[in-house]
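The block underneath contains the structure these notes are about, expressed in structure tokens.
One is the number of the first residue; the rest follow in order along the sequence.
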Amino acid sequence: MDGNEILLVNETIGIIGAGVLGRTLAGTFVECGFPGERLMVSYGGKPSTFESIKEAKLVENIADNNEICQRSTIIFIAVKPQALKELKCLPFTGSSLVVSCMAGISSVLLEEILGIDVFRIMPSGPDTIRKGKGIAAVYPQNYTLTEILSVLGLKAYELQDEEMMHTFTVGVCLPAAIMVADKKGLDMDYAIEAIEKEYADFEEIYIWAKNVIPDFDSDKEEKKYIEHMCTKGGITEAIVNSLNSGDTFLDALKKGIARSREISTSARLTL
Ligand SMILES: NC(=O)C1=CN([C@@H]2O[C@H](COP(=O)(O)OP(=O)(O)OC[C@H]3O[C@@H](n4cnc5c(N)ncnc54)[C@H](OP(=O)(O)O)[C@@H]3O)[C@@H](O)[C@H]2O)C=CC1
Ligand SMILES: O=C(O)[C@@H]1CCC=N1
């Protein structure tokens, strides 16, 4: 039995939100040897999402959110931040490790809505996870969670201050941002230096981002790569839109950070 199996041997994993990220996490667990019969995924009911779940060979893993909450020992929340209110009445229990992947939504708000302590991660885009080149911020620190991320091949950055999650989130959007900025011939290094003053690991993440951008065979492939990194209404979209409207790289990254903060404020208002 290897280390991965020992770590997860008694666990049942539930992923609420089998969208682009959720399916990637589920697929990666399966590839790591995690048994399919102890893996559940849920979705919001869109036929197109069902088709994608089918393509990912996860149809047999579909469960409803109540079942996921009742049976899972580890739960990943991978719905859009705007869907947070839909999780309000679910029977989460303090005995499972609940991990939110949602950008912007603070741990205080999660605790308020779900009634339990929730850990936060911010993983990099699906392509990086599938290739074993992913990174993820973790807040607050949790040994088991960091070990689980390492099973998924994700390098963990343990944040001391939750505010830094906004900046880290822009960091995981950098591959898409660099691709767009490169085409426009924008200067990027000065922007990274400016943001590094707030978050010391930002330069390291920039280097990571430059290294994970794959070679593309077509514009279509390139577009799809960016689309998969963009959650609708999220941070990548804000950065890409800003670059496309003619902003500098620094302004675009700042708009990404601002979008992450805004998501958190508007989520509270819609509850
Ligand atoms: N994409 C990325 O690279 C990254 C995303 N994230 C975060 O991950 C989360 C998901 O992003 P992403 O995968 O891009 O978004 P998607 O829109 O692709 O996925 C969201 C999924 O949630 C499902 N869903 C909606 N409502 C419910 C519900 N009540 N119960 C269960 N599932 C539901 C949707 O199903 P349906 O389609 O049927 O409505 C959809 O499949 C976001 O919060 C984002 O901030 C974090 C890091 C990277
Ligand atoms: O674009 C987004 O909002 C998500 C979070 C980080 C990457 N994708």
Heavy-atom closest pair, residues [X] and [Y]:
| X | Y | value |
| --- | --- | --- |
| Met188 | Asp182 | CE-OD1, 3.6 Å |
| Ala103 | Met122 | CA-CE, 3.5 Å |
| Asp187 | Phe249 | O-CB, 3.6 Å |
| Ser96 | Ser72 | CB-O, 3.3 Å |
| Ile263 | Gly234 | CD1-CA, 4.2 Å |
| Cys69 | Pro91 | CB-O, 3.5 Å |

Exercise for the section: Step through it carefully: locate the ring centre of Phe76, locate the ring centre of Phe29, and say whether they are under 6.0 Å apart. Expected result: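 Distance test on ring centres: under 6.0 Å, yes.
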Handout entry: Phe168 ring center near Tyr157 ring center (under 6.0 Å)
Key =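 For Phe168 and Tyr157, the ring centres are under 6.0 Å apart.
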According to a hydrophobic-cluster definition based on side-chain heavy atoms being under 4.5 Å apart (Ile, Leu, Val, Met, Phe, Trp, Tyr only), do [X] and [Y] belong together?
| X | Y | value |
| --- | --- | --- |
| Leu174 | Ile207 | no |
| Met165 | Val108 | no |
| Leu21 | Phe50 | yes |
| Val20 | Ile235 | no |

For the residue pair [X] and [Y], establish whether any side-chain heavy-atom pair is separated by less than 4.5 Å.
| X | Y | result |
| --- | --- | --- |
| Glu112 | Arg268 | yes |
| Phe119 | Val138 | no |
| Gln141 | Gln160 | yes |
| Leu8 | Pro35 | no |
| Ile16 | Val41 | no |
| Ile113 | Leu87 | no |
| Val79 | Leu84 | no |

Answer yes or no: is there a donor N or O on one side and an acceptor on the other, between the side chain of [X] and the main chain of [Y], under 3.5 Å?
| X | Y | value |
| --- | --- | --- |
| Thr236 | Cys173 | no |
| Ser106 | Leu109 | yes |
| Arg23 | Ala18 | yes |
| Glu237 | Gly233 | yes |
| Asn142 | Leu145 | yes |
| Ser260 | Ile257 | no |
| Ser52 | Ser48 | yes |
| Arg71 | Gly14 | no |

Problem - salt bridge (charged side-chain N to carboxylate O under 4.0 Å, His left out) between Glu221 and Lys224, intermediate numbers included - result: CA-CA 5 Å; Glu221 250 187 31; Lys224 204 167 160 195; over 6 Å; no
Practice task
Evaluate the criterion side chain to side chain contact (heavy atoms under 4.5 Å, CB included) for residue pair Trp208 and Glu204; output intermediate values, then yes/no.
Solution key: CA-CA 6 Å; Trp208 160 84; Glu204 182 179 309; 5.9 Å; no
Handout entry: No-hydrogen, no-angle side-chain donor-acceptor test under 3.5 Å, Tyr139 and Asp161
Key =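 Side chains of Tyr139 and Asp161: no pair found under 3.5 Å.
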Practice task
Would you kindly say whether Ser107 and Glu162 are connected by a side-chain donor-acceptor distance under 3.5 Å?
Solution key: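 Indeed, the side chains of Ser107 and Glu162 share at least one donor-acceptor pair under 3.5 Å.
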Determine whether more than 12 heavy atoms belonging to other residues, nucleotides or ligands lie under 6.0 Å from atom [atom1] of [X].
| X | atom1 | result |
| --- | --- | --- |
| Lys184 | NZ | yes |
| Lys54 | NZ | no |
| Glu111 | CD | yes |
| Tyr143 | OH | no |

To the nearest 0.5 Å, how far apart are [atom1] in [X] and [atom2] in [Y]?
| X | Y | atom1 | atom2 | value |
| --- | --- | --- | --- | --- |
| Met40 | Leu58 | CE | CG | 13.0 Å |
| Leu114 | Thr93 | CG | OG1 | 12.0 Å |
| Ile105 | Ile77 | CD1 | CD1 | 10.5 Å |
| Leu97 | Ile148 | CG | CD1 | 5.5 Å |
| Ser124 | Ile135 | OG | CD1 | 5.5 Å |
| Glu198 | Thr167 | CD | OG1 | 5.5 Å |

Practice task
State plainly whether the residues Lys131 and Asp127 are in salt-bridge range, i.e. N to O under 4.0 Å.
Solution key: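 Salt bridge flag = yes for Asp127 with Lys131.
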Handout entry: For Lys183, all residues meeting salt bridge (Lys or Arg N to Asp or Glu O under 4.0 Å), sequence neighbours excluded
Key =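 With sequence neighbours excluded, Lys183 shows a salt bridge (Lys or Arg N to Asp or Glu O under 4.0 Å) to Glu222, given in chain and number order.
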Practice task
I would like to know whether Thr146 and Glu158 meet side chain to side chain donor-acceptor pair (under 3.5 Å); could you show each step before the answer?
Solution key: CA-CA 8 Å; Thr146 303; Glu158 291 178 340; 2.9 Å; yes
Practice task
Apply the test side chain to side chain contact (heavy atoms under 4.5 Å, CB included) to residues Ile213 and Ile178: give CA-CA distance (whole Å), side-chain angles for both, the deciding distance (0.1 Å), then the verdict.
Solution key: CA-CA 9 Å; Ile213 299 172; Ile178 293 169; 3.8 Å; yes
Practice task
Check the pair Leu110, Val98 against side chain to side chain contact (heavy atoms under 4.5 Å, CB included), reporting the backbone distance first and the verdict last.
Solution key: CA-CA 10 Å; Leu110 286 162; Val98 181; over 6 Å; no
Problem - Option passing side chain to side chain donor-acceptor pair (under 3.5 Å) with Ser42 (candidates Asp64, Asn65, Asn61) - result: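 That would be Asn65.
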Handout entry: Step-by-step side chain to side chain contact (heavy atoms under 4.5 Å, CB included) determination, Ile116 to Val118
Key = CA-CA 6 Å; Ile116 45 150; Val118 176; 4.1 Å; yes
Exercise for the section: Verify salt bridge (charged side-chain N to carboxylate O under 4.0 Å, His left out) between Glu163 and Arg261, making sure each step is shown before the conclusion. Expected result: CA-CA 9 Å; Glu163 265 300 293; Arg261 293 211 167 98; 2.9 Å; yes
Exercise for the section: Could you pull out all residues at least two apart from Ser100 that satisfy side chain to side chain donor-acceptor pair (under 3.5 Å)? Expected result: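 Ser100 satisfies side chain to side chain donor-acceptor pair (under 3.5 Å) with no residue once adjacent residues are dropped.
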